[in-house]
Amino acid sequence: MASGCGARLPHSKALTSPYPGSQVRRSPVPRAKVGWQTEWEDYRPVEYTAGAVLAGPSWADPQIDEEGFAPKFNQRDGEVDRQSLHGLYLVENGRPRNPAGRTGLTGRGLLGRWGPNHAADPVVTRWKRDGSGQKVAHPVSGKHILQFIAIKRKDCGEWALPGGMVDPGEKISATLKREFGEEALNALQKSPEEKAELEQQLQKLFSQEHFVVYRGYVDDPRNTDNAWMETEAVNYHDETGESMEKLPLEAGDDAGLVQWVDISEELQLYASHSHFLQLVSEKLGAHWGQGPAAECQQ
Ligand code: RP5
C-alpha cells in the first residue's frame with residue numbers, strides 16, 4: 001500500500017474534460033458521487049478508447065470482448081502485472097473497476113491496459129545552493145529549499161517527474177533508471193560510446209541510498225472507470241550536490257525540456273506529482289509551504 005500520507009483517493013484530475021488528446025467530454029461526476037458506494041442509477045459515462053490504443057500496439061491490450069483475450073485480473077498475467085497496489089479491485093461485466101471511483105468515462109482512453117497501468121517515478125533531489133555553495137533557506141519558512149529534476153511533458157506541456165510505464169516483466173528499479181535516462185539525459189539518441197558512459201553515471205546515481213516516497217493510485221487525467229495509473233515514486237537525494245553536478249541534463253523521448261526546479265507548494269505539476277514532492281520535502285525537513293504543514297488529503 002501507499003507509504004507517506006497514503007493513497008490519493010478519490011481523484012479530481014481524473015474528472016476533467018476534455019479527455020487528453022481529444023474533444024471527448026466526460027459525463028460530469030459531482031464530488032459526492034465519485035465513490036462507487038454512492039448509488040447512482042442514472043450514471044451514464046461516455047465510452048472512449050483512443051485510436052492509438054485500438055490500433056493494437058504492443059503496449060496495449062485488445063478490446064475486452066476480442067476473441068482469445070482472457071486477461072487474468074488481480075493477478076500477475078504472464079509478464080503483465082494486473083495486480084493493484086490497493087488490493088483486489090472489482091471486475092464488473094468483465095471490466096475492471098477503478099478503485100478511486102467514477103470518472104465519467106468508460107473504456108481505456110489513452111491507457112493500454114484494462115485495470116492498473118503501472119508506472120515508476122524517479123524523484124531526484126539536491127539542496128538549492130548559493131554562489132558560495134551554502135544551502136539556501138526560504139525567507140519565510142526558514143527551511144532549506146530542495147530542488148528536483150523536472151521534465152516538461154510534450155503531450156500536455158505540464159511539468160512533471162521524469163517517470164514512465166513499467167514494461168512487461170521489467171523490474172521497477174530498471175524502469176526508474178531507464179525512464180530517467182530517456183527523458184532527462186536523452187539516452188535514446190546517444191551513440192553506443194555515449195550510452196555506455198551515461199549508463200555508468202546512471203548506475204552510480206540509482207544504486208545510491210534511496211527511499212520509496214509513494215506507492216499507489218495516481219490522479220492522472222487519463223484515468224477512466226476501467227483503466228487507471230498506479231506508480232511507485234522513489235527519491236534519490238544528493239546531500240552534497242556533488243554526485244549530480246556532472247549529470248548532462250538533456251531532454252529526450254516524451255520530454256520537451258528538463259531542468260532543476262525549486263520545490264514548494266506553489267508548483268503546478270502533472271497528475272499527483274506535487275503530492276510526491278510534498279512527501280519528499282517532509283521526509284527531508286525541507287521547505288514546502290509558508291504556513292503550517294498542510295494535512296495530507298486522503
Ligand atoms: C503518471 O504518468 C505517472 O506518475 C508517470 O509519471 C506517468 C507515466 O506515463 P507516461 O509518462 O509514460 O505517459 O501517471
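Counting convention: from 1, in listed order, for ligands and their atoms alike. Treat the numbers as computed from the prediction; the structure is a model and nothing was measured.
- Among all protein heavy atoms, the one lying closest to atom 6 (O) of ligand 1 is Asp121 OD1, 2.5 Å.
- Side chain to side chain, Gln278 and Glu282 meet the donor-acceptor criterion of an N or O pair below 3.5 Å.
- Between Glu183 and ligand 1, a contact under 3.5 Å exists for no N or O pair.
- Close contacts between ligand 1 and Met165 involve ligand atoms 9 (O), 12 (O) [criterion: under 4.0 Å to a heavy atom].
- No hydrogens or angles considered: nothing links the side chains of Asn226 and Thr224 as a donor-acceptor pair under 3.5 Å.
- Classification of the Phe276-His273 ring pair by plane angle, with boundaries at 30° and 60°, yields tilted.
- Contact annotation for Glu179 and ligand 1: no heavy atom of the residue comes within less than 4.0 Å of the ligand.
- Between Tyr270 and ligand 1, no N or O atom pair is found at a separation short of 3.5 Å.
- For Asp155, no nitrogen or oxygen atom sits less than 3.5 Å from a nitrogen or oxygen atom of ligand 1, counting backbone and side chain alike.
- Numbered from 1 in the order shown, with element, the atoms of ligand 1 that lie under 4.0 Å from a heavy atom of Asp220 read 1 (C), 2 (O), 14 (O).
- Considering every non-hydrogen atom in both Asp262 and Lys128, the closest pair reads OD2-NZ, 2.5 Å.
- Here the closest heavy-atom approach between residue Gly163 and residue Asp121 is recorded as CA-OD1, 3.2 Å.
- Pairing each heavy atom of Arg102 with each of Lys33, the nearest pair is NH1-O, 2.6 Å.
- Here is the list of ligand 1 atoms found below 4.0 Å of a heavy atom in Arg153: 7 (C), 10 (P), 11 (O), 13 (O).
- Take Asp61 and apply the salt bridge (charged side-chain N to carboxylate O under 4.0 Å, His left out) test, not counting sequence neighbours, and it matches Arg82, Arg113.
- For atom 13 (O) of ligand 1, the closest heavy atom belonging to the protein is Arg222 NH1, 2.8 Å.
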